[in-house]
Amino acid sequence: MKQILQQLIQDAFYTNFDKKISANIDMPKEAEFDYSSNIALQTAKELGKSPKDIAAILEKDLKDTHDAIESIEISGPGFLMFTMKKSFLFSLVHNNAKTWGHTKNEDKKIMVEYSCLNAMKPFHIGHLRNMFLGESIARILETQGYNVFRANYYGDIGMNIAKCIWGLRNINNNTIPATPRLRGDSMGKCYALGGTAYKEQENAKKEIQQISKELYLGDNEDTQKIFQQGREWSFEYFETIYKKLGMTFDQHFYESQSWKPGMEIIKKHIGSLFTESNGAIVFEGEKFKEKLHTRVFINSEGNPTYETKDMGLCSQQNEAFAFDQNIHVVGNEQAGYFPVIFEAQYQVFPQLRDKQYHLSYGMVKLKDGKMSSRTGDVLYGDWLIDEAESKVSEILSSRDIADKENVIDKVAVGALKFGMLHIQPKNDIIFSLEKSTQFEGDTGPYVQYAYARISSILEKITPETFDDAVLIQNLEEADWNLIRHIQYFPLILQRCADEKTPHYLTHYLLKLVSNFSSWYSANSVKHADSPELQAGRIKIIKLLQITIKNGLHSLGIEVIEKM
RNA sequence: GCCCGCAUAGCUCAAUGGUAGAGCAGUGCCCUUCUAAGGCAAAGGUUACAGGUUCGAUCCCUGUUGUGGGUACCA
């Protein structure tokens, strides 16, 4: 509907003012209208007319241009306010379940690179935010008709691995932990041990650098053995996390496989794009673009840095999926890093120019401040999942539900996802265990609960069949208010995709569900005044149910029929 | 030093240049009811500060303060 109104306004504007413009259609704050446009205010200065006059001219021209429009009014300083016909609003209930809210766009190919856990390193709560955000963005882009490719990129070679190997060699415990998770935890601890030693002990630092060198050369049998074993354990452990969080990837990429092609590319361009400085090979970003800086691609030991691995990666990724855009979901501490390496990549591969995108997000912080993965002062991701699960389990203990374990799992993971996606990516999350495990107010469980309530109603009532015209006649004002709010769902998804943030969706769903809860306490479906009213309400809450389901799906959250 | 974020109610967060809104917490109500994990009501604001642009600024620009991150061989 938004596109239709946009087109109508643009046409009317062209007819009257001989100018092509792009019109904005918004959701008005006043509930009595369905859509609004500020086009008259936008163009008033340019046209040298008062906004009200422009609005009046457009209003006259737009009248009766479309069946779905009931009336157009001019509000305030010159907003065009549209009210839609009830028949149009009600026709929404015939939407196809799976694609309701979706928009058909051109078949653009978008790669989303996220998760990017590092082998032999701890899995902390910041990774959770990364995975939730990446998966949600991928799903939101899919609703817009884009061809989405999910990529995962593992840090599985280099200093981080060396630190863990050092830790494994220096820890006083040779027993192998029994489960993938315990092995993951154990390696995380060893990494922290190595990280601390690297900073505090000069000889440990040298040993770790030596291990890193051996990893690239592949010339030390014992190092290779620990490396291969640790790598295997890590991936085995990560799989359990992905399964728990409900995500799969189209392809995994590895630093251990991208550094060699990266090195070849860099070496080919030494002297032109890359230069030697203090024994290292660097890219002098400031020479290519304003505000960039110099970064090391090959260190003085002759080993590749992350920069070089990323160079190899971009070529591998483009080969795997010739993307129009590649969204790298990475924390904002690397906001300075990406512009430099993107420029280096564009210099080498001009066809990639402007296709790389860093989707930056803030830290998940404790109240005490930043948590560092180097000192071991971390909150583990699966610890947080455990906490959420035990909290949910406690609340559900008095309820008699089938397949309780599964419900607890879905509610707990959903609560974490919703909680983190509720905050716009660029802002930090001040993490509080107390808040995140609460089940009142702005939370995922609140939305899931509304879904379950609707399911419960639908399960108990089989409505009689009537023509739409009859149903429309019998619905009450409160019912229309519900459906009015539902109609904005496609706009919200579109905006989330345009701005690459799911937080509009969480806010929308909360508002939608809160409207439903009010409506629910004041209006009964079961005890509706007439069979006609009941049948109409059933149609509306079915649409509402689909909206919640599709909305939560775009956040990576599953719905629950009974909870 | 330089670069990039952020600053909105007690707390956690929203607001595409168009009347600053939610949820927690605190206050007062509502369960023989389709799931009370719910609902209703009241209360809570000099949008860090100072300028500028605009008919109109939380939003755009400049400066100040506070705060977080980055700033060559980590990722």
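Throughout, protein chains are lettered first and strands after them, A, B, ... in sequence-line order, and every chain is numbered starting at 1.
Residue-environment remark: NZ (A/Lys410) exceeds the threshold of 12 foreign heavy atoms within 6.0 Å. Within 6.0 Å of atom CD in A/Glu290, 12 or fewer heavy atoms from other residues, nucleotides or ligands are found, so the atom counts as exposed in its surroundings.
Side-chain atoms of A/Tyr337 lie closest to B/A75 of the nucleotides B/U16, B/A75, B/G69. Counting only heavy atoms from C-beta on, A/Glu440 has its side chain closest to B/G38 among B/G38, B/C74, B/A14. Out of B/A75, B/A37, B/C74, the shortest distance to the side chain of A/Leu396 is found at B/A37. The side chain of A/Ile430 sits closest to B/U12 out of B/A37, B/U12, B/G70. Distances from the side chain of A/His422 to the nucleotides B/A37, B/C13, B/C74 place B/C13 closest. If you check B/C6, B/C73, B/A14 against the side chain of A/Asn299, the one that comes closest is B/C73.
With a cut-off of 3.5 Å on both Watson-Crick or G-U wobble distances, the partner of B/C24 is given as B/G10. Nucleotide B/C59: unpaired (no Watson-Crick or G-U wobble partner with both distances less than 3.5 Å). Remark: B/U19 base-pairs with no nucleotide in the shown strands. Criterion, Watson-Crick or G-U wobble with two distances under 3.5 Å. In this structure, B/U35 forms no base pair with any nucleotide, since neither Watson-Crick nor G-U wobble geometry is met with both distances under 3.5 Å. If you check B/G1 for Watson-Crick or wobble pairing at under 3.5 angstrom, you find it paired to B/U71.
Atom P of nucleotide B/A14 and atom CG of A/Leu505 are separated by 15 Å, given to the nearest angstrom. The interatomic distance linking A/Leu292 (CG) with B/A72 (P) rounds to 14 Å, in whole Å. In this structure, A/Asp442 atom CG and B/C24 atom P are separated by 7 Å, rounded to whole Å. Residue A/Trp166 contributes atom CH2, which lies 17 Å from atom P of B/C74 at whole-angstrom precision. Rounded to whole Å, atom P of B/C4 lies 18 Å from atom CE of A/Met363. Counting to the nearest Å, the P atom of B/C4 and the OH atom of A/Tyr361 are 22 Å from each other. At whole-Å resolution of the value, CG in A/Asn515 and P in B/G23 are 11 Å apart. Rounded to an integer number of Å, the gap from A/Phe338 CZ to B/G69 P is 19 Å.
Nucleotides B/C13 and B/G56 have their C1' atoms positioned 26 Å apart, rounded to a whole Å. The same atom, C1', is picked in B/A50 and in B/U65; the two are 11 Å apart, to the nearest Å. Here, B/A14 and B/C60 have their P atoms 15 Å apart, quoted to the whole Å. Separation of the P atoms belonging to B/G21 and B/A43 is 14 Å when rounded to the nearest angstrom. Comparing the P positions of B/A25 and B/U71 gives an interatomic distance of 41 Å, to the nearest angstrom. Annotation: B/A22 and B/C40 have their P atoms spaced 11 Å apart (nearest Å). Spacing between B/U33 and B/C11 at atom P, rounded to whole Å, works out to 41 Å. If you take atom C1' in B/C29 and the same atom in B/A36, they sit 14 Å apart, rounded to whole Å.
Remark: A/Lys500 is positioned above the aromatic ring of A/Tyr357, its terminal NZ or CZ atom under 6.0 angstrom from the ring centre and at most 45 degrees off the axis. Taking the ring axis of A/Tyr520 as reference, the NZ or CZ atom of A/Arg453 stays within 45° of it and closer than 6.0 Å to the ring centre.
Summarising the geometry of A/Tyr35 relative to A/Pro28, their closest heavy-atom pair is CA-CD, 3.7 Å, with the distance given to 0.1 Å.
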Check nucleotides 33-36 of chain B against the protein and report each pair of N or O atoms closer than 3.5 Å, with its distance, or say if there are none.
residue: B/C34; atom: O3'; partner: A/Lys460; partner atom: NZ; Å: 3.2
residue: B/C34; atom: O2; partner: A/Val525; partner atom: N; Å: 3.2
residue: B/C34; atom: O2; partner: A/Lys526; partner atom: N; Å: 2.9
residue: B/C34; atom: N3; partner: A/Val525; partner atom: N; Å: 3.1
residue: B/C34; atom: N4; partner: A/Tyr520; partner atom: O; Å: 2.5
residue: B/C34; atom: N4; partner: A/Asn523; partner atom: O; Å: 2.5
residue: B/U35; atom: OP1; partner: A/Ser456; partner atom: OG; Å: 2.2
residue: B/U35; atom: OP1; partner: A/Lys460; partner atom: NZ; Å: 3.4
residue: B/U35; atom: OP2; partner: A/Ser456; partner atom: OG; Å: 3.1
residue: B/U35; atom: OP2; partner: A/Lys460; partner atom: NZ; Å: 2.2
residue: B/U35; atom: O2'; partner: A/Tyr449; partner atom: OH; Å: 2.5
residue: B/U35; atom: O2'; partner: A/Arg453; partner atom: NE; Å: 3.1
residue: B/U35; atom: O2; partner: A/Arg399; partner atom: NH1; Å: 2.7
residue: B/U35; atom: N3; partner: A/Met563; partner atom: O; Å: 3.0
residue: B/U35; atom: O4; partner: A/Glu561; partner atom: O; Å: 3.4
residue: B/U35; atom: O4; partner: A/Met563; partner atom: N; Å: 3.3
residue: B/A36; atom: OP2; partner: A/Arg453; partner atom: NH2; Å: 2.9

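In this model, a side-chain donor or acceptor of A/Gln334 finds a partner on the base of B/A75 within 3.5 Å. A donor and an acceptor atom never sit less than 3.5 Å apart when one is taken from the side chain of A/Thr305 and the other from the base of B/A75.
Along RNA chain B, the nucleotide closest to A/Val411 and the one closest to A/Asn303 are compared, and the more 5′ of them pairs with A/Val411. A residue-by-residue look at A/Ser517 and A/Ala335 shows that A/Ala335 has its nearest nucleotide of RNA chain B further toward the 5' end.
Counting any heavy atom pair closer than 4.0 Å across all strands shown, A/Gly336 reaches no nucleic acid atom. Within the nucleic acid shown, A/Asn427 comes within 4.0 Å of sugar-phosphate atoms alone, with no base atom in reach, counting heavy atoms only. A/Gln424 comes within 4.0 angstrom of sugar-phosphate atoms only, judged by non-hydrogen atoms across all strands, and of no base. Across all strands, A/Phe79 comes closer than 4.0 Å to base atoms (heavy-atom distances).
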Exercise for review: Start with the C-alpha gap between A/Tyr504 and A/Glu499, add the side-chain angles, then the distance that decides, and say whether side chain to side chain donor-acceptor pair (under 3.5 Å) holds.
Suggested key: CA-CA 10 Å; A/Tyr504 295 120; A/Glu499 298 183 33; 2.7 Å; yes
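Donor-acceptor pairing under 3.5 Å is lacking for the side chains of A/Ser234 and A/Tyr154. Residues A/Ser455 and A/Glu561 bring a donor and an acceptor atom of their side chains to less than 3.5 Å of each other.
Taking side-chain N and O atoms only, A/His293 has no distance below 4.0 Å to OP1 or OP2 of B/C4. An OP1 or OP2 oxygen of B/A75 is reached within less than 4.0 angstrom by no side-chain nitrogen or oxygen of A/Lys121. Taking 4.0 angstrom as the limit, A/Gln448 places none of its side-chain polar atoms (N or O) nearer than this to OP1 or OP2 of B/A37. In this model, the phosphate group of B/A75 is not approached by any side-chain N or O of A/Tyr153 to a distance below 4.0 Å at OP1 or OP2. Within the 4.0 Å cut-off from OP1 or OP2 of B/C4, at least one side-chain nitrogen or oxygen of A/Lys291 is found.
Residues A/Thr308 and A/Ile281 fail the side-chain proximity criterion, which asks for heavy atoms closer than 4.5 Å. Counting heavy atoms from C-beta outward, A/Phe297 and A/Ile270 have side chains that stay 4.5 Å or more apart.
Ring-centre distance between A/Phe235 and A/Tyr254: below the 6.0 Å cut-off.
An anti base is found at B/C49: its glycosidic angle is more than 90° from 0.
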